[in-house]
Amino acid sequence: MIDKTLSSCAQAVAHVHDGATVMFGGFGSVGVPGRLVDALRDQGARDLTIISNGASDAALSPLFEAGRVKKLIASFPSPTSHQFRARYLNGEVQLELVPQGTLVERIRAGGSGLGGIYTPTGVGTELAEGKEVRVIDGREYLLELPLKADFAFVKAHLGDRLGNLMYRGTMRNFNMVMATAGSVVAAEVERIVPAGEIPPEQVHTPGIFIDHVVQAERHPRLVELPKEGAQA
Amino acid sequence: MIDKTLSSCAQAVAHVHDGATVMFGGFGSVGVPGRLVDALRDQGARDLTIISNGASDAALSPLFEAGRVKKLIASFPSPTSHQFRARYLNGEVQLELVPQGTLVERIRAGGSGLGGIYTPTGVGTELAEGKEVRVIDGREYLLELPLKADFAFVKAHLGDRLGNLMYRGTMRNFNMVMATAGSVVAAEVERIVPAGEIPPEQVHTPGIFIDHVVQAERHPRLVELPKEGAQA
Amino acid sequence: MMLTRDGIAWRIARDLREGQYVNLGVGIPVLVANYLDPDQEIFLHSENGILGVGPKPKRENLDLDLVSAGKGFCTLVSGAAIFDQQQSFIMMRGGHVTHAILGAIEVAENGDFANWRVHGEAVPGVGGAMDLGVGAQNIFVAMSHVTNKGKPKIVKTCSAPLTARRRVKRIYTDLAIVDVADDGLVLREVMPGNSTADIQAKTGAPLKIALDCREMDVPETASNGARLRQ
Amino acid sequence: MMLTRDGIAWRIARDLREGQYVNLGVGIPVLVANYLDPDQEIFLHSENGILGVGPKPKRENLDLDLVSAGKGFCTLVSGAAIFDQQQSFIMMRGGHVTHAILGAIEVAENGDFANWRVHGEAVPGVGGAMDLGVGAQNIFVAMSHVTNKGKPKIVKTCSAPLTARRRVKRIYTDLAIVDVADDGLVLREVMPGNSTADIQAKTGAPLKIALDCREMDVPETASNGARLRQ
């Protein structure tokens with residue numbers, strides 16, 4: 001019987017090596033595998049390259065605080081990313097800034113075996129510097145290359161022993177695409193359910209993409225209500 | 001109140017012009033908008049370029065029989081595509097053969113604003129002829145360009161007045177991606193339900209992609225059991 | 001007389017139509033949601049994966065798994081859809097979103113705009129701005145007409161880092177509505193108490209005056225009590 | 001002695017392991033589904049959008065909306081997932097499918113293979129063959145050792161139009177199992193009654209004999225009664 005479940009987050013991060021590239025899903029406070037973030041901090045791997053949409057304290061602060069991150073590839077390290085910002089400003093952490101849709105496409109290219117994509121996003125901006133510009137059918141595009149990771153850590157609502165995942169609300173965000181692009185993919189889920197309980201048409205991430213599933217309570221960092229003014 | 005529903009398939013195909021490029025969803029007998037195929041035959045537009053995974057008689061024969069097709073872009077015009085094959089062999093219809101995954105990616109590029117993608121599929125084969133080969137990170141890829149259509153005709157299980165669609169079984173196949181790539185997109189659905197009845201997390205194709213929704217009974221051509229031996 | 005931030009949002013809302021799919025950026029744009037005609041169905045898109053964003057939740061119907069692009073909790077309207085980042089950016093970059101209403105630091109007379117990075121900003125962040133910038137069918141900019149130092153924000157050439165080129169269609173400010181046409185800027189509406197010459201003086205690029213250029217018609221307060229002009 | 005088509009399928013099934021994700025091509029490969037060990041969970045992938053294809057339905061549980069890649073009706077196993085073509089080809093091209101088991105017209109000693117178009121075929125069709133060809137982690141080919149005219153199908157260089165280059169890992173025929181190694185072909189198993197020289201004579205490229213090359217061990221009939229060798 002296939003059983004991809006693990007009994008602890010520590011097991012899920014055990015093999016992350018120094019210098020590894022690690023993806024974390026999540027957008028705002030939703031869909032962030034917060035317990036895996038903590039477990040990775042405790043595990044101790046250093047010089048990590050993190051790929052994540054943002055770097056908010058609620059999501060990733062433990063790794064920045066512990067000085068584990070060498071580089072961040074992200075689209076929006078927002079003003080609430082205090083831990084990242086401090087280390088970026090003192091030169092401890094590098095930043096590769098990628099437009100959000102390009103970040104998605106690069107990860108998708110990595111997970112789907114494509115060698116690259118041409119996107120119109122960013123043409124003529126400073127984020128196009130050093131990138132190939134190509135005119136196709138009269139319009140300019142940038143060549144963007146795939147992103148893959150040694151480990152992808154994602155968060156879902158339900159998971160089963162086969163690795164099938166189901167999200168709720170806006171949890172899918174980067175989790176679905178990152179689940180395709182990690183050499184090892186571990187999912188933190190709120191509840192492990194028996195195989196077959198997620199209807200086939202409601203499996204958002206099929207188990208083929210998932211190596212490990214671990215059940216964990218939502219991290220308290222990610223339960224706090226955001227301040228007024230952060231609303232959109 | 002937004003109301004994208006139409007009362008007949010004839011209305012949904014009314015504006016297809018001679019020389020139009022038209023996508024049809026479907027794989028095998030599932031997810032084929034068979035009533036819209038018939039309506040387009042009746043409407044009379046000529047010199048069509050059809051984009052479809054296959055060209056089976058059950059799916060598309062009316063358009064080939066009536067001599068309406070100039071060109072087919074497909075991955076697998078199978079041995080059961082008698083109507084297409086006859087016209088291809090006598091030179092009446094051209095064929096652009098595209099590997100299935102490349103067909104999906106080209107349509108996706110068309111619908112998502114990408115200028116092209118590099119795929120490893122087909123490198124070194126006769127389907128790479130005339131295509132740019134590029135080495136990226138030590139591997140060869142082909143440049144493949146976007147496909148869009150003047151009209152995309154798709155099939156879903158449920159639809160609502162907002163254009164939200166939900167599929168069942170293997171109906172999603174090419175329908176989901178084609179719904180993003182037509183200038184005008186019409187969906188043939190088995191049942192129109194009140195807006196809000198499809199749960200937000202089970203809307204497979206959001207209404208933003210859909211212009212028209214028409215309810216029609218499954219076409220009898222697409223209900224027949226396939227012959228033994230066609231099974232996989 | 002000039003519009004408040006709510007006033008600019010109110011005025012933009014008047015130009016939206018039933019059946020449109022609209023993405024609202026941070027700042028003035030998100031306020032537009034408060035002034036949409038409740039009798040018209042307009043679907044709000046949120047780049048993290050929602051089509052049909054509803055109002056902020058009350059404490060009792062708050063769902064911890066449901067946030068919109070600004071990271072705040074939200075609700076869904078009837079008929080909403082939820083999806084992942086791939087599908088969301090297909091909508092944005094692929095030309096499916098009808099309007100992106102965005103704040104800006106500068107807009108150039110050719111439709112270039114800058115809204116993601118202030119010169120000298122220490123830590124940059126871009127999010128989905130460039131994707132919307134190239135992909136939305138119509139880019140409407142909402143901003144003050146001049147900086148708080150009185151410098152024009154509508155300019156001949158942007159000096160701040162660009163978001164996208166030649167994409168702005170219309171600019172809504174606290175003083176005027178300006179269209180970006182193929183051959184330059186066209187002044188369409190002006191707040192009462194300002195002459196077209198006053199607006200030109202506060203604009204860094206030449207304005208043509210539309211034949212039907214008129215005074216902006218915005219009430220003093222909105223039905224929710226917010227002050228719209230001052 | 002040689003294997004039947006069912007025999008080849010039976011033998012391949014013995015090499016599949018629990019937890020693998022397997023795509024079965026038309027012809028001999030689809031027969032593999034009949035010989036999987038029911039105690040091992042192996043998920044069958046169908047390129048039209050299924051992971052976890054089950055057996056053919058009985059009349060009473062037939063679902064008109066559920067077909068597999070061969071266009072025939074199918075069922076789902078417990079824990080199956082359904083998705084669209086995009087996700088399906090991400091699995092295939094992206095290296096997520098563990099094994100693609102495919103028929104072939106020819107396999108070359110360097111792992112090139114041809115399986116989509118017979119020379120002179122009037123109407124070509126390719127389907128997902130090339131995507132699996134480049135993307136599956138392991139390509140296993142199932143075919144007869146020689147054509148019905150007695151010509152070797154394992155060759156130095158393919159003459160039929162290629163599907164993908166240098167991708168075949170193992171070839172299962174009615175006479176032998178041949179691995180494609182970096183430095184050429186390696187004979188691993190031989191059907192009883194054939195010498196390694198017999199196999200070499202029917203093979204169009206040089207075979208190394210594996211140190212542990214052995215006789216193939218396949219029963220005369222399968223538990224379902226099908227004849228496996230003749």
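These numbers come from a predicted model, not from an experiment. Throughout, a chain's letter reflects where its sequence line sits, starting with A, and its residues are numbered from 1.
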Can you tell me how far OG of C:S78 sits from CG of B:D160, rounded to the nearest 0.5 angstrom? 8.5 Å
Rounded to the nearest 0.5 Å, what separation is found between the CZ atom of C:F83 and the CD1 atom of B:I208? 7.0 Å
Checking heavy-atom separations under 4.5 Å from chain B, one finds in residues 95-114 of chain C C:H96, C:V97
Sidechain-backbone polar pair: B:N164 side chain, C:G79 backbone, donor-acceptor under 3.5 Å: yes
Taking non-hydrogen atoms and a cut-off under 4.5 angstrom, which of residues 157-165 of chain C neighbour chain B? none
Measure the shortest side-chain to side-chain distance between C:I90 and B:F209 over non-hydrogen atoms and say whether it is less than 4.5 angstrom. yes
With a cut-off of 6.0 Å (strictly less than), are more than 12 heavy atoms of other residues, nucleotides or ligands near NZ of B:K148? no
Residue pair C:A80 / B:V203: nearest heavy atoms and the distance that separates them: O-CG2, 3.9 Å
Side-chain donor or acceptor of C:E18 paired with backbone N/O of B:M1 under 3.5 Å: yes
For the side chain of C:Q87 and the backbone of B:H204, is there at least one donor-acceptor N/O pair under 3.5 Å apart? yes
Looking at B:I2, is its backbone amide N or carbonyl O close enough to the side chain of C:E41 to form a donor-acceptor pair, meaning the two atoms are under 3.5 Å apart? yes
Once you round to the nearest 0.5 Å, how far does CE of C:M91 lie from OG of B:S112? 12.0 Å
Quick one: which of B:A195, B:G111, B:P194 has the most heavy-atom pairs under 4.5 Å with chain C, could you say? B:G111
Do you know which of B:Q202, B:R161, B:K4 has the most heavy-atom pairs with chain C at a distance under 4.5 angstrom? B:R161
